[in-house]
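Heavy-atom basis, side chains included; hydrogens, waters and symmetry copies ignored.
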Amino acid sequence: MKSLAVLPAAFAVVLLSGCGADPAPAAAPPPSSSAADQALAGSPCGEVAGYQGTKNKVVVRGKTDCAEATQVLKDYFAKLTPTEATSPQGPGPVVVGAWTCGSGPNDPVTSCSTEDERQIEATRS
């Protein structure tokens, strides 16, 4: 009778031994260059004249087109007063429609953004 009592235990061991035998899922492949990567890198949109006529290279990120970006930056530089431009804290923030633009002290990059996370930049060249 002892051999019959061991039979259910042996059967359970055989069944449970297969539970951990599934291979681990494969790691996800590395991401390829996607639209999100390109949005982070930005898209060049030419140049606009900045404060006192300096040239600024325009870059957009996200759902903004070049026409809107260049117009916002033209409006920003036109609206920027000499006091704002020479502020020790840096120019801005200056509101241009839905956009808020500014930069840090002595920073060659002017950044503009909206509440819905659209971004544009102008870098003095």
Side-chain angles (χ1 to χ4, degrees):
M1 286 298 220
K2 262 186 175 179
S3 64
L4 289 177
V6 175
L7 188 59
F11 183 69
V13 169
V14 170
L15 283 177
L16 292 176
S17 67
C19 289
D22 290 342
S32 61
S33 180
S34 66
D37 293 336
Q38 291 172 356
L40 290 174
S43 299
C45 291
E47 292 184 342
V48 295
Y51 182 71
Q52 295 182 333
T54 60
K55 290 185 179 185
N56 291 271
K57 295 179 183 177
V58 179
V59 174
V60 299
R61 290 179 174 76
K63 298 178 181 179
T64 302
D65 62 29
C66 288
E68 180 179 26
T70 55
Q71 189 60 55
V72 167
L73 286 162
K74 285 178 185 178
D75 292 348
Y76 165 74
F77 287 119
K79 191 174 184 180
L80 193 62
T81 67
T83 302
E84 290 168 327
T86 59
S87 169
Q89 289 81 30
V94 174
V95 176
V96 179
W99 296 86
T100 302
C101 302
S103 63
N106 301 315
D107 191 348
V109 178
T110 297
S111 298
C112 302
S113 62
T114 62
E115 288 187 17
D116 63 357
E117 300 181 8
R118 293 179 288 159
Q119 294 182 339
I120 55 179
E121 290 180 353
T123 304
R124 274 193 311 265
S125 42

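V60 and C45 get closest at one heavy-atom pair: CG1-SG, 3.7 Å. Between G42 and R61, the shortest heavy-atom distance links the atoms CA-CG, 3.8 Å. Contact between Y51 and F77 at its shortest, heavy atoms only, is N-CD2, 3.4 Å. Heavy-atom minimum distance, C112 versus L73: SG-CD2, 3.7 Å. The two residues Y76 and G102 make their nearest non-hydrogen contact at OH-CA, 3.9 Å. Between V95 and G97, the shortest heavy-atom contact is CG1-O, 3.4 Å.
Residues satisfying the side-chain hydrogen bond (donor to acceptor under 3.5 Å, both in side chains) criterion with E47, sequence neighbours excluded, are absent altogether. For T86, there are no side-chain hydrogen bond (donor to acceptor under 3.5 Å, both in side chains) partners two or more places apart in sequence or in a different chain. Every side-chain hydrogen bond (donor to acceptor under 3.5 Å, both in side chains) that D116 has, sequence neighbours left out, goes to T114, R118.
Atom OG of S113 and atom CD of Q119 lie 6.0 Å apart (nearest 0.5 Å). Distance check: R124 CZ to D107 CG gives 7.5 Å after rounding to the nearest 0.5 Å.
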Open item on the list: Test side-chain contact (heavy atoms from CB on, under 4.5 Å) on V72 and C101; report intermediate values, then the result.
Closed with: CA-CA 9 Å; V72 167; C101 302; 4.0 Å; yes
Task: side-chain contact (heavy atoms from CB on, under 4.5 Å) between T54 and N56, worked out - done: CA-CA 6 Å; T54 60; N56 291 271; 3.4 Å; yes
Task: Audit row: L80, V94, side-chain contact (heavy atoms from CB on, under 4.5 Å) steps and yes/no - done: CA-CA 7 Å; L80 193 62; V94 174; 4.1 Å; yes
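Under the 4.0 Å criterion applied to side-chain N and carboxylate O atoms, E84 and K79 are not assigned as salt-bridge partners.
Looking at heavy atoms from C-beta onward, S103 lies in side-chain contact with T110 at the 4.5 angstrom threshold. In this structure, the side chains of W99 and I120 come closer than 4.5 Å at one or more pairs of heavy atoms.
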